[in-house]
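Below, read A as the first sequence line, B as the second, and so on, with proteins coming before strands; counting in each chain starts at 1. Below, each value reflects all heavy atoms present in this structure, side chains not excepted, and no hydrogens, waters or symmetry copies.
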There are 2 protein chains.
Amino acid sequence: MKPLVYADTREQPSNVPEILKSLGARVIFEALTVGDYIAARDCAVERKTLKDFVSSIFQARIFDQARRLLEVYSKPLIIVEGNLTEIFEKTNIQSRSIWGGLLALMLDIGVPVLFARDRYETAEIIFTLAKREQTEKKKAPVVRPKRKMWTLEQRQLYALMGLPNVGPEIAKRLLRKYETLRKVFAAPEHELWHIEGLGKKRAKKICELLDAIFEEKQFKE
Amino acid sequence: MKPLVYADTREQPSNVPEILKSLGARVIFEALTVGDYIAARDCAVERKTLKDFVSSIFQARIFDQARRLLEVYSKPLIIVEGNLTEIFEKTNIQSRSIWGGLLALMLDIGVPVLFARDRYETAEIIFTLAKREQTEKKKAPVVRPKRKMWTLEQRQLYALMGLPNVGPEIAKRLLRKYETLRKVFAAPEHELWHIEGLGKKRAKKICELLDAIFEEKQFKE
DNA sequence: ACGCCGCGCCTTTGA
DNA sequence: TCAAAGGCGCGGCGT
Ligand SMILES: [Mg+2]
Ligand SMILES: [Mg+2]
């Protein structure tokens, strides 16, 4: 059984498609709008060099990409090519930023990430994936757990953080005192002073915003 | 902010709990029935040495374990400690069987797997995970764009976008009708229906959030 | 929807 | 009033 893999034309120089062929896959080049390889109808792979991966975390590009991947394919996979240790040792990049990015991708968005040492491993993973996805199997359909339902508490805090000078801490104090968002938003200025962390000045700013009459600018910025 | 992590008592000899403490986490030992570490109410980590991981793939143990993990925790994570390359180089183990196992875990079962180079990295990942899961989120999956300079109008719209199903357009319509933020936040459910783009369902969701009593669900002992 | 750190403004507290 | 200390939001940084 010879698996079929669609490869984005821009992946040609990476040589991964060639290795895929040598492993026994049939490769068809095509201009893909999302993902770099398609291993089955519902299964796509985004390949990233480590450098690219890191910078795409910093620019938050990767999260949009992952979401789009998941919109189109129920079984997406990101393959990162390179050795994390080198990055940690040779640059000032904080390892925790990378862990955080990986955790956000996998746990919040729900797209798995796999590290490959080099192009050859990348190809081998894609080959294995294509083979198993294109083989008849009696597997139960994937039940993809719904990721990231925000808790009520978080949404309450988040709503308040839309106000100036209100972060997580102040938001918490406000809700502790007023119980519901509606009551917080109804609070008069002089009451807000009594919240620790809110003095006259900040209370005034908040109430000015709450009571400002809405005026639409005629011209777009 | 000092994250709290529950550690299975059997993990003590791994020294990971000690490292977690040194990173600034509070660690509580407990006999856990599933998983090795708990980083939040719905978030557990299974730690495996690479040798153990490989043999658990061949015995198919890992898949049941992963499924049980997912039954109890909506955000499970498997951390594999060790270097895959060494396994491939020093044993006869077929790399494809490992890739197959990893893909099955991540794509079929839906449990993410992350490789750590050593105990220290394992601890760092768990620490990062606990911290991010136990900290109030400042950013939302729904885009509330982060602007540098704010006009009054932008501020008003931004504040409303903290509500579910409210984006820039709905926010504008709400403010056109009610004039000030305070009045929008005071609006009763049946009035919100009349806003274009808000039906019974969305209005209800908004009001549920506005009137929900604040309860702090801390991840505590 | 990366984590960390530093700056500057504000508030709180005690003198 | 003033000074000091701490809380908090915000912006910049990293390859
Ligand atoms: Mg790519
Ligand atoms: Mg274990």
Side-chain angles (χ1 to χ4, degrees), chain A residues 48-71 76 78 80-113 146-150 154-155 157-158 160-174 192-206 209, chain B residues 1 3 23-25 43 75 112 114 121 124-150 155 158-159:
Chain A
K48 281 217 170 327
T49 63
L50 183 51
K51 255 187 65 180
D52 204 18
F53 179 69
V54 170
S55 74
S56 71
I57 288 180
F58 292 158
Q59 297 165 23
R61 263 187 301 124
I62 188 74
F63 305 109
D64 297 306
Q65 237 174 323
R67 242 183 315 147
R68 263 183 294 127
L69 213 52
L70 199 55
E71 273 167 22
I78 296 174
V80 180
E81 210 173 274
N83 188 345
L84 258 191
T85 305
E86 283 180 17
I87 290 275
F88 295 155
E89 284 173 355
K90 293 183 182 163
T91 72
N92 295 329
I93 292 173
Q94 310 227 2
S95 51
R96 289 190 198 174
S97 306
I98 305 301
W99 301 135
L102 284 164
L103 293 169
L105 280 171
M106 299 192 298
L107 292 174
D108 293 344
I109 299 179
V111 174
V113 182
K146 258 209 286 188
R147 297 290 179 189
K148 194 58 177 221
M149 286 288 286
W150 272 32
Q154 294 237 328
R155 272 178 300 158
L157 295 173
Y158 181 73
L160 279 181
M161 289 187 239
L163 300 177
N165 296 307
V166 177
E169 207 52 43
I170 305 264
K172 231 178 276 178
R173 292 176 197 162
L174 284 166
L192 290 181
W193 298 2
H194 299 128
I195 302 288
E196 192 187 326
L198 290 185
K200 190 180 169 183
K201 219 165 169 162
R202 288 177 174 175
K204 190 176 168 204
K205 261 180 86 174
I206 290 172
L209 179 68
Chain B
M1 187 271 180
L23 290 174
C43 182
K75 292 185 175 187
L114 197 47
E121 269 191 13
E124 207 180 26
I125 294 166
I126 296 173
F127 182 82
T128 308
L129 178 61
K131 195 162 181 183
R132 82 192 306 283
E133 293 298 323
Q134 291 170 39
T135 303
E136 304 76 8
K137 318 266 183 286
K138 177 70 188 180
K139 294 165 192 158
V142 280
V143 200
R144 190 153 80 163
K146 197 162 182 172
R147 291 243 183 279
K148 288 187 177 183
M149 288 292 296
W150 295 86
R155 276 247 174 240
Y158 182 79

Applying salt bridge (charged side-chain N to carboxylate O under 4.0 Å, His left out) as the test, list every pair that has at least one member in residues 80-100 of chain A; sequence neighbours left out.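 Of all non-adjacent pairs touching residues 80-100 of chain A, those that pass salt bridge (charged side-chain N to carboxylate O under 4.0 Å, His left out) are A/Arg47-A/Glu81, A/Glu89-B/Arg117.
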
From the options D/dG14, D/dC8, C/dC2, select the nucleotide whose nearest atom is closest to the side chain of A/Asn92.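 Nearest to the side-chain atoms of A/Asn92, counting from C-beta on, is D/dG14.
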
Given D/dG14, C/dC2, D/dG7, which nucleotide is nearest the side-chain atoms of A/Ile93?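 Of the options given, the side chain of A/Ile93 lies nearest D/dG14.
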
Using the test side-chain contact (heavy atoms from CB on, under 4.5 Å), find all partners of [X] that sit at least two apart in sequence or belong to another chain.
| X | value |
| --- | --- |
| A/Phe88 | A/Leu84, A/Ser95, A/Ile98, A/Trp99, B/Glu121 |
| A/Lys200 | A/Trp193 |
| A/Asp64 | A/Arg67 |

Could you write nucleotides 4-15 of chain C as a row of B, S and -, 5' to 3', where a protein heavy atom under 4.0 Å of any base atom gives B, of only sugar-phosphate atoms gives S, and otherwise -? S----BSSS---

Nearest-Å distance for atom pair [atom1]/[atom2], residues [X] and [N]:
| X | N | atom1 | atom2 | value |
| --- | --- | --- | --- | --- |
| A/Ile57 | D/dG14 | CD1 | C1' | 12 Å |
| A/Met161 | D/dC10 | CE | C1' | 14 Å |
| B/Ile125 | C/dG3 | CD1 | P | 13 Å |

Scan the side chains in residues 163-172 of chain A for donor-acceptor partners under 3.5 Å anywhere in the protein, sequence neighbours excluded, and list what turns up.
residue	atom	partner	partner atom	Å
A/Lys172	NZ	B/Glu136	OE2	2.5

Indicate, with a heavy-atom threshold strictly under 4.0 Å, whether A/Pro168 touches base, sugar-phosphate, or nothing.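 Counting heavy atoms under 4.0 Å across all strands, the contact made by A/Pro168 is with sugar-phosphate only.
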
Base-pairing string, 5' to 3', of DNA chain C - Watson-Crick or wobble, under 3.5 Å, | interstrand: .||||||||||||||

Apply side chain to side chain donor-acceptor pair (under 3.5 Å) to A/Thr85 and list each qualifying residue two or more places apart in sequence or on a separate chain.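 Once residues adjacent in sequence are excluded, the partners of A/Thr85 under the side chain to side chain donor-acceptor pair (under 3.5 Å) criterion are A/Asn83.
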
Sequence neighbours left out, what passes salt bridge (Lys or Arg N to Asp or Glu O under 4.0 Å) with A/Arg68? Give chain and number order.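 Counting only residues at least two positions away or on another chain, A/Arg68 forms no salt bridge (Lys or Arg N to Asp or Glu O under 4.0 Å).
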
Check whether any side-chain heavy atom of B/Lys75 lies under 4.5 Å from a side-chain heavy atom of B/Leu129, and answer yes or no.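 Contact flag for B/Lys75/B/Leu129 side chains = no.
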
Under a 4.5 Å cut-off applied to non-hydrogen side-chain atoms, are A/Gln65 and A/Lys48 in contact?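 A/Gln65 vs A/Lys48: side chains touch.
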
Please write out each protein N/O paired with an N/O of nucleotides 3-6 of chain D under 3.5 Å, distance rounded to 0.1 Å.
none

